[in-house]
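Data first, discussion second: the structure below is written as structure tokens.
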Amino acid sequence: MTRFFKRLLSLAAGFACLLMLAVAPASAQTLDMVRERGFLICAATNALPGFAQQDSQGRWSGFDVDLCRGIAAAIFGDPEKIEFRALRGETRFASLQTGMVDVLTRNGPWTERRDTLYGAAYVGTAFFDGQAFLVPQSLGAVSAFELDDVSVCVIDGGEELERIQEFFFANQASYTEVPYEDVSDLAVAYQAGLCQAVSASGRQLQAIRRALPDPSAHRILPERISKELLGPVVREGDPQWFNIVRWTLFTLINAEEVGITQANVDSLLAARTPAVRRILGVEGDFGTPLGLAPSFMANVLRAVGNYGEMYDRHFGPQTGAALLRGQNALWTNGGQLYAPPVR
Amino acid sequence: MTTLDTGPAAAPRVSFFNDPVIRGIIYQVVVAGLLIAFIAWIVGNTAANLAAQNKTTGFDFLWKTAGFDISFSLLPWSRASFYWEAFLVGITNTLLVAFIGIVLATMLGFTIGIARLSSNFIVSRLATVYIETIRNIPLLLQLFFWYFAVLKAMPAVRESLALPFDIFINQRGLMLPRPTPDQEFTWVMVTFGLAVIVAIALSVWALRTRTLTGRYPRQIVLAGKAADACITFLIAFVALLVLLAVIFPISNAPMLAAILAVVIAALSVTRFAALARGVLSFVIAFLILDTAIGGMFSSLPGFVTTAVSAAVALVIARVVYSGALERPPSEARFPLALMALIVIGVPALVYWLTDATLAFEVPVLERFNFRGGLQLPPEFVALAFGLTVYTASFIAETVRAGIQAVNKGQTEAAQSLGLKEGDRLRLVIVPQAMRVIVPPLTSQYLNLTKNSSLGAAIGYPELVNVFAGTALNQTGRAIECIALTMLVYLIFSLLTSVIMNWYNARVSLVER
Amino acid sequence: MSQVSETTVDRPVDTSHMQVSSTNVAIEVIGMHKWYSDFHVLRDINLKVMEGERIVIAGPSGSGKSTLIRCINRLEEHQEGQIIVNGTELTADLKRIDEVRREVGMVFQHFNLFPHLTILQNLTLAPIWVRGIPKAEAEETAMHYLERVKIPEQALKFPGQLSGGQQQRVAIARSLCMQPRIMLFDEPTSALDPEMVKEVLEVMISLAEDGMTMICVTHEMGFARQVANRVIFMDQGQIIEQNEPEAFFSNPQHERTKLFLSQILH
Amino acid sequence: MQKTLATIALAASLGLVATTAQAAILDDVKAKGYLQCGVTGGVAGFSAPDSNNVWTGLEVDFCRAMAAAIFNDADAVRYTSLTSQERFTALSAGEVDVLSRTTTWTMSRDTQLGISFVGTMYYDGQGFMVRKADGIESALDLSGAAICIESGTTTELNAADYFAANSMEFNTVVFVDQDEVVKAYEDGRCDVYTTDSSALAAERSKFANPADHIILPEIISKEPLGPVVRAGDTTWFNIARWTYFALLEAEELGVSSANVDEMLGSDNPAVKRLLGVEGDFGTPLGLTKDWAYQIVKLVGNYAESFERNVGPSTPIGLERGLNALWKDGGIQYAAPIR
Amino acid sequence: MTDIGFVRADMVDARPAPHRTSGAVAWAQKNLFATPLDGVLTVLGAIFLLWIIPPIYNFFIGHAVGPAGTVEECRMENAGACWAYIHSEMEFFIYGFYDIPEQWRPNIVFALGAALLIPLLMPKVPFKRTNAVLFLFVYPIVSYYLLAGGVFGLKPMPTEKWGGLLVTLIISVVGITLSFPIGIILALGRQSKMPVIKTLCIGFIELVRAVPLISVLFMASIMLPLFMPQGMTIDKLLRALVGVTLFTSAYMAEVVRGGLQAIPRGQYEAGASLGLSYWQRMYFIILPQALKHVIPGIVNSFIALFKDTSLVYIVGMKDLLEAVKTKNDTALEWQSANTATTGYLFAAMVFWVFCFGMSRYSIYMERRLNTGYKR
């Protein structure tokens, strides 16, 4: 029998070696940092109505801010544990890299250079944007393709001008350009009737429309003649943090797809559909691998609702922006929003 | 090949390095050091790799929902089950197929091993061909063959091959009726258990009495005689019933069969017992042969098969008859029939008395598949079959070697003492052969269990497939899953060696 | 080559009641022939053994001595002629063979003890299972015969623990336990060291003294001289010569016998 | 003598062990001189070897595109055929540099396996194929059916979900190898074969009589299939991601392998940037500035690859559908190169 | 007691056994109809043979489609084995994806291997030592460079392209030649008096023997890269080799240990008394005897290894079985009812020929060396 025990012992030793391999740490710098600090620092490029704006009490609101709240809810279960900043210029990447900021919720549009050169990583698209047209209802146009013989206010010098040229050339339509140096000038010029239409990115047009005395008298046409992707950006080299932000965003989209809203999130805990159960953390555990609570997705949705709700809250008809979902609709509704499944 | 002789050559005494003890220690320290360094290197690499890939590790995943389906499981399984349940399902599926494979392979292997030693040329050659063919072809290939080539030849679900007793064979596997016992049937099961215990106790008592006093207890002998007649009657009744149904379909066949069976049973207690046995064996052999030959050569006309079967059955009857003539009187025989009657009859009595019912859930063809019943998927059947066929060829060789290892002199000595064939085998040959057979047999059992892991290749959800395959894949925990899988096999192996050590210690011959 | 020696026992052998008084025929072999496939091993064997007779069969190896006594026990089958043991003719009938074997004990060159059983179990196995003798009684008999072969103290050991001579004595005792009327010895001493030969021969002689019918294939010519009342010389599968020991050794008739004796007796 | 020989033998065996210093994947790949690409054992149109072991398919084209971007040689790729069970370990173990193998992007894979999904090469959804003779019209008729599935896939999980959600019974028959799954279905082991609908179409095209099988209308899941790389190497991730985007961007800008040389003279700044005529977008990736030019030149744009491998003119005959560019009604959308 | 003195006058001459009309009848009597039971078994066996042989004959030969046949013939009703399929895919079965113009290279390797191995196996051929050195040391290197290329202007052939019988043979030959010495060293280590080394060897042997090969290969396939430093990759063929070799070594070690234990202590003592060192004792005295004892066991391990090469599909090598399987599944142009069966049967026959050959050779050697040691 002693021979047997010796054998057993040596086997156990060999096996222990194998098991030792199963225990290895994972790095999680940003998350730890945020946890230690107790709140999340988000930043957007600049304050822009609908995306990020401060009310009279200094409280930030907007789409970007909600996205940030969502991330905070994912981490802390509490959407208020954030600090929001509006940063200008290229310093935002420096701030991100130095750790002054944890996530940029709206950076400039996603481009190759930004993605590859700044030590930053785009996690995904939160907002599909592009150059669009704002016209008065009175013009009677419901589509950009109906525009003909119009004067268009546009920023000078950028690609916007070229795009308009291409667009109208391609449509065999005629137009008059009214170029300006600055975005704020466009609004003033349009309001003053110096042009019949404004062409700028959708996010700028919705800001212009809000500021108009009677927003409902104006319409942002659904077509986009360029493409711009806006989305959260994180530092390179921290996959965990990258994934936290990415999957917070995807949670919002997936929740809309399966019909989870801020209102029904708790009642759906008893749902039977596996896809819903997984998002709400009733089945499976998708949070722990990210260093989060298993129910983090439910927390996100409790805090800010799903993507559709967020969008309606900030760009819906009642906001004065009245920005159609367009590309930002779910893929099932003809839009571009698509998130990989939670499973 | 020289040793590491690096010590100073001019040293007057035994050089430090040439001291065998010290040199041994140095060797060992070096080896241990190398080993530790190697392990550290691997652990370090792994940790670095895992960290670089930000992979999560640990066994927490075992308590998460698996989310996949397992096609065949003895334990309750749903997609909401946890990974540890998947682990258990894998183990039970492995054990199930291993157990069935072991039982069948043992039976087949012993038969073939003994057949190989047969003095009959055809029988021994057939066994040799079987062994030499099967064990020289990789098991994996055989499994593929049984699964893919044979599966293709199986009928589709709707054209299922229907066998008697609601058994169906098709591409979806083997569908059997599943017994669904009711409440009262528990009593039958309990009685059955008790009857088995009683039968064993009775056997032990009878044998002990036989040893101590030289004869079986009188009561037992009497009861044995009665039981003999009883069993003879039952067998005769069934056989005759079938025979009558096959030959002349007459209306009151049961009555006639019963009468004839009573006659045979009555004969079996007189001195014409041998005749009764001969007749009975003729009927049974004829029935089996006629069915088998008719099935094998469907193109032959009926009367040819009947004639051939009758002729062969006649010879068999003759063999049985002369064997029966030489049977010792019932006083000197172990009352096997009595034990059988107790084990079967008592529960049957209880079944009848308690009015229990044993319904069978019959597999029924539905829109796609059979539903209900006991369904054995073809993966399981192919794996169990492949393992059985393959392992049996090794077991057969083990058995042959074991029997051959018993010196011929042992048989002669036993013969010269007047021991009869049965006693000779039971008391002298088998105990010695088993001593030689059991250790390699056990390692064949272990091999079979390990080989069941090849079920992964044909989709049988055993441990490697379920856990090191699907679960590993859905979770990505490679190290954990493989470690657990290997641990299970390790435990099987250790358990086997514990049992073997115990057995070897028990049976090892005491030598000078 | 088989071992040929002339070990004798250093005590006077009491041959007083070794005279064959019985007129009962124990074994009768008439015109027996045997072939191993095409090889004619035993040719025209005629032999009559009276009860109480002690016969030694000698001859060069390959002469068919062992085959002959194995035929008497039906360990081998003969093809022609008759063998009648205790009035029972040996045929393919198993029942008769078993009857005969119960009455005929046999001791083998290589002992053939059952290695997985103790000495006592070896001895009681057949009495219990063949004769149906109660265990206690069988053990008593076994101990009796063990004492007779002078190794009662080994009863609980296994055969592997015994020396060759002891094993052979156990083998003899094992046969005796069946209380046979005839004992066959197939070169019982040729696998033994010289000093062990003696202890086995002692036992055989004491058996002879008790008047057991014995047929003994052996090269122990001393034993033959002392104990046998007939010596049979075989060669080429046939009985060449037989005679009383004194006459056989002192005055062999046949050329082959002379040659054989001159070789083994220097 | 023997010692020398042993040394040589050792050296020869070491030839099989390629060691490279700890370095970024790009450097490794450049040092090796080829890209090791993990693919399926054979899904026609996506990745399959022909009889000469030349691999073709949409996913193979992605690897070729990466090789083109890195080496200016689309053939500098070696393929490792992986089962779905092996693929992630093979990737994280560094056995393959990129996994381009009909891999569904899911949360647990993205977050738990130490891998990063680059993007969605093909938006797919899981469907069911059945024999026409069975007369099934909807997946909701499938209660009690035997279903052939490849093990270790999202398919396996989705099917379980779908049947559970619709309270239907089913039997799964799970195989490690795609080929075995198809064979088992073909042999009649199962009533239903389920996988991504694109693969269903691909497999159906291989059947002796494709018309005997129908694909049911239900799509029970969304399956964004895309290439995967190891997490942690941002440069490598970016190369893969922007290779994908370049394929899309080229289609959007109308640049194809046929006209790419003409387009070098285009006035369109976006085209100029794509082809490296204006600006240098390659260097930050560790590539040359004409990286995207090479991709288009040697492999073509996304549309070409799609048409060539799985499009309506191939036996597989898939429509672009969701995989059309965003401006054509699909959801394939690339971030711009600028 | 009148007839006690007897002297044979006439010797009886040997005569043929009775009841013997001809050899066949006697043989049948003895081997087929010795007893009535034997007769029954013979008849049943004959019926079984009658039943099973015609279909087998028809499948393999009678209705089979020969190498020159076409797929249409294979698809006909009642067609037997489709040997035409084997014939047309033979190159793939032997070489895998090895480039067709380069196939002369494996051919040379095969020929060279046969030329070196066959004389090595024939006891009477001289120059054993040179032959063995050539086979064990020179041949592998030459073969490797010949197969892999990349030198002397040979086109490089990555091991991914190797396949079929080529891979099966490479793995088994290398596995056999490497596992043998490793097994011996492990066995000696297991008998060692040094506890560390002993424990190590026991641990290795028992651990490896406890688990199925499939999991060892799984580990080689999945986990080995995880154990290596970042960026170090190991060729699949090498992984298969390492997995199979280590696995077989453990079994080999147990076989050799059996042989070592069968050597009487006296041999060890005699060796020591001659003043031989440990290794000299082992090399000259103990091992030659011990190995002779366990030739059947060793060859059984080799046969097991040869069969086990079919499992290397796990690490992604296309060995013979995997090559056949691949073609069975994907050769659409050859699809017919019996194609797959024919493919498997072909693979089975190839495996069988090698394994059976090895077992016969071992019996021959065993007889030659006349060890008389039976398992």
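Every chain is numbered from 1, with letters handed out A, B, ... down the list of sequences.
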Item checked: Proximal component of Glu257(A), with respect to chain D [non-hydrogen, under 4.5 Å] -> side chain

Check: Is Glu223(A) reaching over with its side chain to a backbone N or O of Ala144(A), donor-acceptor style, under 3.5 angstrom?
Finding: yes

Next item on the list: Tabulate, in ascending numerical order, the residues of residues 267-281 of chain A having at least one heavy atom closer than 4.5 Å to a heavy atom of chain D, or enter 'none'.
Entry: Arg272(A), Pro274(A), Arg278(A)

Next item on the list: Assert yes or no for the condition that the ring centre distance of Tyr338(A) to Tyr123(D) is strictly below 6.0 Å.
Entry: yes

Next item on the list: Quick one: do Arg101(D) and Glu150(D) satisfy salt bridge (charged side-chain N to carboxylate O under 4.0 Å, His left out)? Show the steps, please.
Entry: CA-CA 14 Å; Arg101(D) 187 207 177 280; Glu150(D) 188 180 355; 3.2 Å; yes

Notebook entry, point to check: Which one of Pro269(D), Ala335(D), Gly119(D) has the most heavy-atom pairs closer than 4.5 Å to chain A?
Noted result: Ala335(D)

Item checked: Closest heavy-atom pair and its distance - Leu264(D), Val277(D) -> O-CG2, 3.6 Å

Checklist line | Which atom of Ile220(D) lies closest to which atom of Phe128(D), heavy atoms considered | finding: CG2-CE1, 3.6 Å

Next item on the list: Would you check, one step at a time, whether the test side chain to side chain contact (heavy atoms under 4.5 Å, CB included) holds for Leu287(D) with Trp242(D)?
Entry: CA-CA 11 Å; Leu287(D) 304 175; Trp242(D) 286 95; over 6 Å; no

Check: What part of Thr288(A) lies closer than 4.5 angstrom to a heavy atom of chain D: side chain, backbone, both or neither?
Finding: neither

Note to self: As a test of understanding, state which of Asn158(D), Thr153(D), Thr154(D) forms a side-chain hydrogen bond (donor to acceptor under 3.5 Å, both in side chains) with Thr104(D).
What the structure shows: Thr154(D)

Notebook entry, point to check: Under 30°, 30 to 60°, or over 60°: which ring-plane class applies to Tyr122(A) and Trp110(A), parallel, tilted or perpendicular?
Noted result: parallel

Next item on the list: Could you look at Glu252(D) and say if it's the side chain, the backbone, both or neither that has a heavy atom under 4.5 Å from chain A?
Entry: side chain

Notebook entry, point to check: Does Gly125(D) offer a backbone N or O that forms a donor-acceptor pair with the side chain of Ser221(D) under 3.5 Å?
Noted result: no

Check: Would you call Lys272(D) and Asp267(D) a salt bridge, using N to O less than 4.0 angstrom?
Finding: no

Checklist line | Part of Asn238(D) lying under 4.5 Å from any heavy atom of chain A | finding: side chain

Notebook entry, point to check: Residues of residues 323-332 of chain A under 4.5 Å from chain D (heavy atom pairs)?
Noted result: Gln327(A), Trp331(A)

Margin query: Are the side chains of Tyr122(D) and Ser198(D) in contact, using a 4.5 Å heavy-atom criterion?
Written below: yes

Margin query: Within 45 degrees of the ring normal and closer than 6.0 Å to the centroid, is that where the cationic atom of Arg320(D) sits relative to Phe306(D)?
Written below: yes

Checklist line | Residue among Gly329(D), Ala165(D), Pro224(D), Pro284(D) with most heavy-atom pairs under 4.5 Å to chain A | finding: Pro224(D)

Checklist line | Side chain, backbone, both or neither of Ile239(D) within contact of chain A (heavy atoms, under 4.5 Å) | finding: neither

Note to self: Taking the six-membered ring of Phe281(D) as reference, does the cationic atom of Lys289(D) (NZ for Lys, CZ for Arg) lie under 6.0 Å from its centre and within 45° of its axis?
What the structure shows: no

Next item on the list: Counting only heavy atoms closer than 4.5 Å, note whether Phe245(D) contacts chain A via side chain, backbone, both or neither.
Entry: side chain

Next item on the list: Specify which of Lys327(D), Glu223(D), Arg241(D) makes the most heavy-atom pairs with chain A at under 4.5 Å.
Entry: Arg241(D)

Item checked: Under 4.5 Å from any heavy atom of chain A - which part of Ala160(D) -> neither

Checklist line | Contact winner vs chain D - Thr111(A), Thr125(A), Ile244(A), heavy-atom pairs under 4.5 Å | finding: Thr111(A)

Next item on the list: Take Phe167(A) and Phe145(A), measure what ring-ring contact (aromatic ring centres under 6.0 Å, His included) needs, and give me the verdict at the end.
Entry: CA-CA 9 Å; Phe167(A) 179 75; Phe145(A) 294 105; 5.5 Å; yes

Margin query: With chain A as the partner, which of Asn268(D), Ile337(D), Leu157(D), Thr120(D) has the greatest number of non-hydrogen pairs under 4.5 Å?
Written below: Leu157(D)

Notebook entry, point to check: Can we say Arg338(D) and Glu228(A) salt-bridge, meaning some charged N sits less than 4.0 Å from an Asp/Glu carboxylate O?
Noted result: no

